[in-house]
**Q** 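Take this structure, written in structure tokens, and hold onto it; I'll ask about it next.
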Amino acid sequence: IFYTLKDKVPVPCNFEDFRIERIAIDFVDGVKISTVFVGVGCLFETMILGGKNNGLSRRSESYDEALKNHNLLKSKIISGINENEEEEET
């Protein structure tokens, strides 16, 4: 099943109406934080590109949750937190 965003809510659609949409992007010290609506599976994905957390991602099912993940990962980069080290320690 494919989805498209209508008023920030995922709604089923056919393949012809399906498209990936960026909903947030930030750059912090050369690191890119990008959140996109992917329209399949998890629906939203936030990913860090660059820096010590390169490739780290969070997936979510709702627009609001996706923005929360985006802001969470952005704040971790601003704070200098290496998420990969935290996950290895647990």
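Just so you know, these numbers come straight off a predicted model, no measurement behind them. Basis for what follows: all heavy atoms, side chains included, without hydrogens, waters or symmetry-related copies.
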**Q** Check for me, please, whether L49 and V31 land in the same ILVMFWY cluster - side-chain distances under 4.5 Å, paths through other members count.
**A** no
**Q** Please table the atom pairs, donor to acceptor, closer than 3.5 Å between any side-chain atom in residues 7-16 and protein atoms at least two apart or in another chain.
**A**
unit_1: N14; atom_1: OD1; unit_2: E16; atom_2: N; d: 3.3
unit_1: N14; atom_1: OD1; unit_2: D17; atom_2: N; d: 3.1

**Q** Given side chains that start at C-beta, do those of F37 and Y63 come closer than 4.5 Å, heavy atoms only?
**A** no
**Q** Please name the pair of heavy atoms, one in G80 and one in K52, separated by the smallest distance, quoted to 0.1 Å.
**A** O-NZ, 2.9 Å
**Q** Measure the CD1-CD1 distance between I48 and I33 for me, rounded to the nearest 0.5 Å.
**A** 6.5 Å
**Q** Any side-chain heavy-atom pair from V40 and F18 closer than 4.5 angstrom?
**A** yes
**Q** If I compare all heavy atoms of S60 with all of A66, which pair ends up nearest, and what's the gap?
**A** OG-CA, 3.2 Å
**Q** Indicate yes or no: at least one non-hydrogen side-chain atom of F44 is less than 4.5 angstrom from one of I23.
**A** yes
**Q** About how many Å separate OG1 of T35 and CD1 of I25, when rounded to the nearest 0.5 Å?
**A** 9.0 Å
**Q** Report the distance from atom CG of N82 to atom CD1 of I77, rounding to the nearest 0.5 Å.
**A** 10.5 Å
**Q** For the atom pair CZ (F2) and CZ (R19), what is the distance rounded to the nearest 0.5 Å?
**A** 14.5 Å
**Q** Can you check whether L73 reaches R58 side chain to side chain, under 4.5 Å on heavy atoms?
**A** yes
**Q** On a heavy-atom basis, which atom in R22 and which in S34 lie closest, and how many Å separate them?
**A** NE-OG, 3.4 Å
**Q** Quick one: CD on E21 to CG on L5, what's the gap to the nearest 0.5 Å?
**A** 5.0 Å
**Q** Is there a path of hydrophobic side-chain contacts, each under 4.5 Å between heavy atoms, that joins I20 and Y3?
**A** no
**Q** Can you tell me how far OG1 of T46 sits from CG of L67, rounded to the nearest 0.5 angstrom?
**A** 8.0 Å
**Q** Checking E65 now: which residues fulfil salt bridge (charged side-chain N to carboxylate O under 4.0 Å, His left out) with it, not counting sequence neighbours?
**A** none
**Q** Do K76 and L72 have side chains that approach each other closer than 4.5 Å (heavy atoms only, starting at C-beta)?
**A** yes
**Q** What residues form a salt bridge (charged side-chain N to carboxylate O under 4.0 Å, His left out) with D26, not counting sequence neighbours?
**A** K74
